[in-house]
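Beneath this line is the structure, given in structure tokens, with notes to follow.
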Amino acid sequence: MRTTFSWRHPRSWSLLLLCLLLTGCATRVIYYWLDSAIVWQLDDYFSLDRSQKKLLDTEVKGLMAWHRQHELPIYARDLDALAKAVASPMTPEQVSLHLDKTQASLARTLENAIPRTVRLARTLTDAQVAHFMGDRVKRQQERQHDFATESKAEMLKGFREKMSERLVFWIGKVKPAQEPLIAQWAEWQYEMMGPWLEFQGAWTQELDRLMKQRQSPDFGKELTRLLQQGDGLMDGRFTGYTDQSRQRTVQWLSDLSQSMDLSQRAHLYTLLKDYAEDFEEMTRGR
């Protein structure tokens, strides 16, 4: 199992990024199905009882209703602006601006989701929490085993193949000018994998500690801190990696933008405009 890293990994997840992996009307189909998918996934994690499932269903529906009303219009505007920006080579400053918008959206979604998460977490039994944390630890150990036993050449090859597949989706056929960028990205992934696995271990331990204190009045505040500022664990030793990852990503995306030819720009522009229109239609309830 090969994993690409993100230091503040809760921010890696968002309804926007999930929807953007889809095409055409499938975006709407999957978005409207997300509430059921989230309920099924969390039920699988915790084996919820009937009353917990009812609470979870209520909270997820509330989150999705809020998200559709408040975030989808922003997605539509931001994607339309991004589509216009990618039509020309983008500077690091431009890339950073659009990444900031994405992070702001994730932060707003997290802010709405955390009180709902706290209400559900406080209904969990010790056995349910132990099952969930045991599964997380097992997955962490599997990642560590893979990293320790797989050769660097194999991992780099896997990272290159994964990035190439993503680029084909976003910009069409990869050109020779983009191959060095793909190789650079793979090297960064490998370089950061060891520290990222260490960070994941520290993050999981902190989550385990918090879940054991889920009835505490400070549980919501502490959970928010972990999700929003998790790289501050262990006296902030991971914060530098967060900043470095951000700087590298911004520069890499700018370099990729500079390397794209007209056909690739047209491909990406059309894709983003389609998503913007899709989110706009979803906002109007179509």
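- Taking Asp57 as the reference, Lys61 meet the salt bridge (charged side-chain N to carboxylate O under 4.0 Å, His left out) condition, with sequence neighbours excluded.
- With values rounded to the nearest 0.5 angstrom, His70 atom NE2 is found 10.5 Å from Arg108 atom CZ.
- Judged purely by atom type and a 3.5 angstrom limit, Gln264 uses its side chain to pair as donor or acceptor with the backbone of Lys173.
- Distance check: Leu256 CG to Gln178 CD gives 6.0 Å after rounding to the nearest 0.5 Å.
- Atom CD of Gln251 is separated from atom OG of Ser96 by 11.0 Å, given to the nearest 0.5 angstrom.
- Contact detail for Gln128 and Leu48: the closest heavy-atom pair is NE2-CA, 3.7 Å.
- Side-chain atoms of Gln141 do not come within 3.5 Å of backbone N or O of Lys138 as any donor-acceptor pair.
- Nearest approach of Phe169 to His267, heavy atoms of both residues: O-NE2, 2.9 Å.
- Counting heavy atoms from C-beta on, the side chains of Leu56 and Arg116 never come closer than 4.5 Å.
- Side-chain N or O atoms of Gln103 include none that pairs as donor or acceptor with a backbone N or O of Asp100 at under 3.5 Å.
- Glu150 CD to His145 NE2: the interatomic distance, rounded to the nearest 0.5 Å, is 10.5 Å.
- Taking both residues in full, the closest heavy atoms of Gly220 and Val118 are given as CA-CG2, 3.6 Å, listed atom of the first, atom of the second, then distance.
- Side-chain atoms of Gln200 and Gln144 form no donor-acceptor pair, as typed in the model, at a separation below 3.5 Å.
- Using a 4.0 Å cut-off between a side-chain N of Lys or Arg and a carboxylate O of Asp or Glu, Asp278 and Lys273 do not qualify as a salt bridge.
- Side chain of Ser257 to backbone of Leu253: no donor-acceptor contact under 3.5 angstrom is found.
- Listed here is the closest heavy atom pair of Ala121 and Phe219: CB-CE2, 3.8 Å.
- Looking at Gln189 and Leu156, their side chains never come closer than 4.5 Å, going by heavy atoms from C-beta outward.
- Grouping the Ile, Leu, Val, Met, Phe, Trp and Tyr side chains by contacts below 4.5 angstrom, directly or via other members, places Leu181 with Leu99.
- Side-chain contact annotation: Glu222 with Gln213, donor-acceptor N/O pair under 3.5 Å absent.
- To the nearest 0.5 Å, the span separating NE2 on His98 from NZ on Lys101 amounts to 5.0 Å.
- Within 6.0 Å of atom CD in Glu179, more than 12 heavy atoms from other residues, nucleotides or ligands are found, so the atom counts as buried in its surroundings.
- In this structure a side-chain-to-backbone donor-acceptor pair under 3.5 Å is present from Ser254 to Met90.
- By the 30° and 60° cut-offs, the orientation of the rings of Tyr75 relative to Phe279 is perpendicular.
- Arg68 contributes a side-chain N or O that, together with a main-chain N or O of Met282, makes up a donor-acceptor pair within less than 3.5 Å.
- Side chain of Glu280 to main chain of Pro73: no donor-acceptor pair is present (N/O by atom type, distance under 3.5 Å, no hydrogens or angles).
- Side-chain contact check for Lys53 versus Asp43: some heavy-atom pair is nearer than 4.5 Å.
- Using a 4.5 Å cut-off between side-chain heavy atoms of Ile, Leu, Val, Met, Phe, Trp and Tyr, with links allowed through other members, Ile74 and Leu97 fall into different hydrophobic clusters.
- Proximity of Arg214 to Val129: side-chain heavy atoms (C-beta onward) are separated by under 4.5 Å at one or more points.
- Taking the six-membered ring where the residue is Trp, Tyr190 and Phe147 present tilted rings, their angle falling between 30° and 60°.
- Atom CG in Asp261 sits 8.0 Å away from atom CD1 in Ile171 (nearest 0.5 Å).
- A salt bridge links Glu191 with Arg248: the closest approach of a Lys/Arg side-chain nitrogen to an acidic carboxylate oxygen falls below 4.0 angstrom.
- Minimum interatomic distance between Ala186 and Arg160 (heavy atoms only, all atoms of both residues): CB-CG, 3.6 Å.
- Shown here for Gln258 and Pro89, the closest heavy-atom pair between the two residues is OE1-CB, 3.4 Å.
- Between Leu82 and Asp78, the closest side-chain pair of non-hydrogen atoms is not below 4.5 Å.
- In this structure, the side chain of Glu59 does not engage the main chain of Leu120 through any donor-acceptor pair within 3.5 Å.
- Side-chain contact between Phe46 and Gln52 is absent, with no heavy-atom pair separated by less than 4.5 Å.
- A heavy-atom distance below 4.5 Å is not found between the side chains of Trp252 and Gln247.
- Taking a cutoff of 4.0 Å between a charged side-chain nitrogen and a carboxylate oxygen, Asp208 and Lys212 qualify as a salt bridge.
- A salt bridge between Glu206 and Arg225 is present, with a side-chain N of the basic residue lying under 4.0 Å from a carboxylate O of the acidic one.
- Counting only heavy atoms from C-beta outward, the side chains of Gln41 and Tyr45 approach each other to under 4.5 Å.
- In this structure, Trp185 contributes its side chain and Met163 its backbone to no donor-acceptor pair below 3.5 Å.
- The backbone N or O of Thr204 sits nowhere less than 3.5 Å from a side-chain atom of Gln140 that would complete a donor-acceptor pair.
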